[in-house]
There are 2 protein chains.
Amino acid sequence: MSEEKDVFKQLLDQEESLTEKQQKIVEAAIEMFAEKGYAATSTSQIAKKAGVAEGTIFRHYKTKKDLLLSIVSPAMAKLIAPFVIRDINKVLDAKYERYEDFLKAMIINRQEFLKDNMTVFKILIQEIPFHPELKEQFKEHIAQKIFDKFTGLVEYYKEKGQIVDLPAPAVVRFSASSIFGLLLVRYIFLPEENWNDEKEIEMTVQMIMNGVGQQDGR
Amino acid sequence: MSEEKDVFKQLLDQEESLTEKQQKIVEAAIEMFAEKGYAATSTSQIAKKAGVAEGTIFRHYKTKKDLLLSIVSPAMAKLIAPFVIRDINKVLDAKYERYEDFLKAMIINRQEFLKDNMTVFKILIQEIPFHPELKEQFKEHIAQKIFDKFTGLVEYYKEKGQIVDLPAPAVVRFSASSIFGLLLVRYIFLPEENWNDEKEIEMTVQMIMNGVGQQDGR
DNA sequence: GATGTAAATGAGTGATTACTCACTTTACAA
DNA sequence: TTGTAAAGTGAGTAATCACTCATTTACATC
């Protein structure tokens, strides 16, 4: 539990202590890292866009890499926020009697997250392949945890007789793929289209439930 | 149809006319672009790894960018290979009476492609966000075409009464997400695990069919 | 061997890069 | 007003970069 605390502390500190110039640096870096990538963005360009001297960046961040990490690490912590509650099954049972309801709520929740953090999330996804320490952090702290929690949830709903007798990892993968596919197309590939979010979520959840849900009479 | 011909011509030319040194350059570039990214890989590093002088790279490729494009453009052409047959419905009807059979065959076919082209495909995915012309090419020549063909296929199987009355784009997105999720986890996230490919494909196709397939008696 | 051409080399070039540091400006306390 | 610390600046530094081009090497032909 201690690494989660550290990550959250970092997140909170980060948001409270930025000077105006530092804030401009971070905003400029976010925009340019997302558009051109970390490696192809120079500190000179970031400084120009932020309206500060290049040396100012190094007043606040020891290295260019530290600037990147200061941006993406908090975003990673935010990613797992809905999954860090220890007794998540108890909490959810009070609210979501059915796997279907849980799925809907989670999609809506992650959509809200994406709306607010789209650019930073984009940087994270783009940079992970090129930074081994980011990849490890993501793998150990994010992907594994989400997978474990999600698997536990699937087992829970299986015990309640709501999911057919397929291996939980396969169900997780299937559910997560469908959700991720929806979010990807909705926000990255075709963001300009007229989306009826409610309907698309409804359809996706329906297809997932038809795919893995235990049907009465079947 | 003419752009497909040009892409294929490029692909064939590319594979036939490489000198030994050029081959070494391409191999070194593929390895390093995949690992560090295009922007963070220098021509000096590529030359060293290939065991050639740096100037030799520029004997064969006008710019560093040309080297990258010479690698990923043929891979893009290969991506759409199964989808470029004009009367694909007729061909498929002779072989795949059911959507389920088509899905299986396509997953297996794309798996074979991934096995042989994993690294180049990885470069492509990694670099698309940073190269507008790659993104455009991918969007116009690959994603749109695959989507159109796949949609046509879904409509076809809907007419045969095999798929429920959901919008074809949603069915495509759902099917493709599940397939992509399987391939992603299988080959990128957890490649070291013991995978029973046949069983995983069977399960995935089953879940998809349960999700969108028209069931007798339902 | 002489001649011509293609392929390869590696020193060099001008530009760019992440970062340093001497100096200036700003903010604040006494 | 004075003094000090913090914040900010931008010229400069050593290293790196994509690429050039004069030279060398390899090979074929006569």
Side-chain angles (χ1 to χ4, degrees), chain A residues 13-73 123 126-127 129-134, chain B residues 13-73 123 126-127 129-134:
Chain A
D13 288 352
Q14 193 79 12
E15 296 202 3
E16 284 178 20
S17 60
L18 296 192
T19 65
E20 185 189 339
K21 299 253 175 177
Q22 198 176 0
Q23 185 65 27
K24 283 192 189 291
I25 290 167
V26 167
E27 284 166 5
I30 287 174
E31 190 173 330
M32 301 188 87
F33 285 160
E35 185 194 335
K36 302 152 58 57
Y38 167 82
T41 302
S42 67
T43 51
S44 166
Q45 291 172 324
I46 294 168
K48 200 169 300 177
K49 192 167 199 70
V52 304
E54 197 174 347
T56 308
I57 297 178
F58 295 97
R59 259 213 103 269
H60 295 280
Y61 305 95
K62 177 114 190 70
T63 63
K64 182 184 170 189
K65 183 76 173 262
D66 281 356
L67 172 57
L68 173 69
L69 295 180
S70 81
I71 291 167
V72 297
S73 294
I123 295 171
Q126 284 170 176
E127 296 302 326
F130 308 128
H131 302 272
E133 73 279 6
L134 269 193
Chain B
D13 288 352
Q14 193 78 12
E15 295 201 3
E16 286 178 17
S17 60
L18 298 191
T19 64
E20 185 189 335
K21 300 253 175 176
Q22 198 176 2
Q23 185 65 27
K24 284 193 189 292
I25 290 168
V26 168
E27 284 166 6
I30 287 175
E31 191 173 330
M32 300 187 88
F33 285 160
E35 184 192 334
K36 300 151 59 63
Y38 168 81
T41 302
S42 68
T43 50
S44 166
Q45 290 173 323
I46 295 170
K48 200 169 296 177
K49 192 166 197 71
V52 304
E54 197 173 347
T56 307
I57 296 178
F58 297 95
R59 257 213 105 265
H60 295 279
Y61 305 95
K62 176 116 190 67
T63 63
K64 182 184 172 188
K65 184 78 171 256
D66 280 357
L67 172 57
L68 174 68
L69 295 180
S70 82
I71 290 167
V72 296
S73 295
I123 295 170
Q126 282 168 179
E127 296 303 326
F130 309 127
H131 302 272
E133 72 282 7
L134 269 192

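Letters go in sequence order (proteins before strands), and every chain restarts at 1.
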Ignoring backbone atoms, test whether [X] places a side-chain nitrogen or oxygen under 4.0 Å from the OP1 or OP2 oxygen of [N].
X: B/Lys62; N: D/dA18; answer: no
X: B/Thr56; N: C/dT9; answer: yes
X: B/His60; N: C/dA7; answer: no

Without decimals, in angstroms, what is the distance between [X] [atom1] and [N] [atom2]?
X: B/Lys36; N: D/dT16; atom1: NZ; atom2: P; value: 12 Å
X: B/Ile57; N: D/dA18; atom1: CD1; atom2: P; value: 9 Å
X: B/Lys48; N: C/dA8; atom1: NZ; atom2: C1'; value: 18 Å
X: B/Leu68; N: D/dC19; atom1: CG; atom2: C1'; value: 17 Å
X: B/Glu54; N: C/dT13; atom1: CD; atom2: C1'; value: 12 Å
X: A/Ile25; N: D/dT9; atom1: CD1; atom2: P; value: 8 Å
X: B/Lys21; N: D/dT25; atom1: NZ; atom2: C1'; value: 11 Å
X: B/Gln45; N: C/dG10; atom1: CD; atom2: P; value: 18 Å

Looking only at non-hydrogen atoms, find the nearest pair between [X] and [Y] and report the distance.
X: B/Thr41; Y: B/Met32; value: OG1-O, 3.3 Å
X: A/Thr43; Y: A/Phe58; value: CG2-CZ, 3.7 Å
X: A/Ile123; Y: A/Ile71; value: CD1-CG2, 4.5 Å

When you get a sec, tell me which of [options] is the closest nucleotide to the side chain of [X]?
X: B/Val52; options: C/dT9, D/dA18, D/dA6; value: C/dT9
X: A/Ser42; options: C/dT9, C/dA8, C/dA18; value: C/dA18
X: B/Phe58; options: D/dT9, C/dA8, D/dC19; value: D/dC19
X: B/Thr63; options: D/dG8, C/dC19, D/dC19; value: D/dC19
X: B/Arg59; options: D/dA18, D/dT9, C/dT9; value: C/dT9
X: A/Lys64; options: C/dA18, C/dA8, D/dG10; value: C/dA18

Item to check | A/Gln126-A/Tyr38 side chain donor-acceptor pair, cut-off 3.5 Å | outcome: no
Checklist entry - Cut-off 3.5 Å, side chains only: do A/His60 and A/Lys21 have a donor facing an acceptor? => result no
Next on the checklist: Once you apply a heavy-atom cut-off of 4.0 Å, does B/Thr43 come out as touching a base, just sugar-phosphate, or nothing?
Outcome noted: base
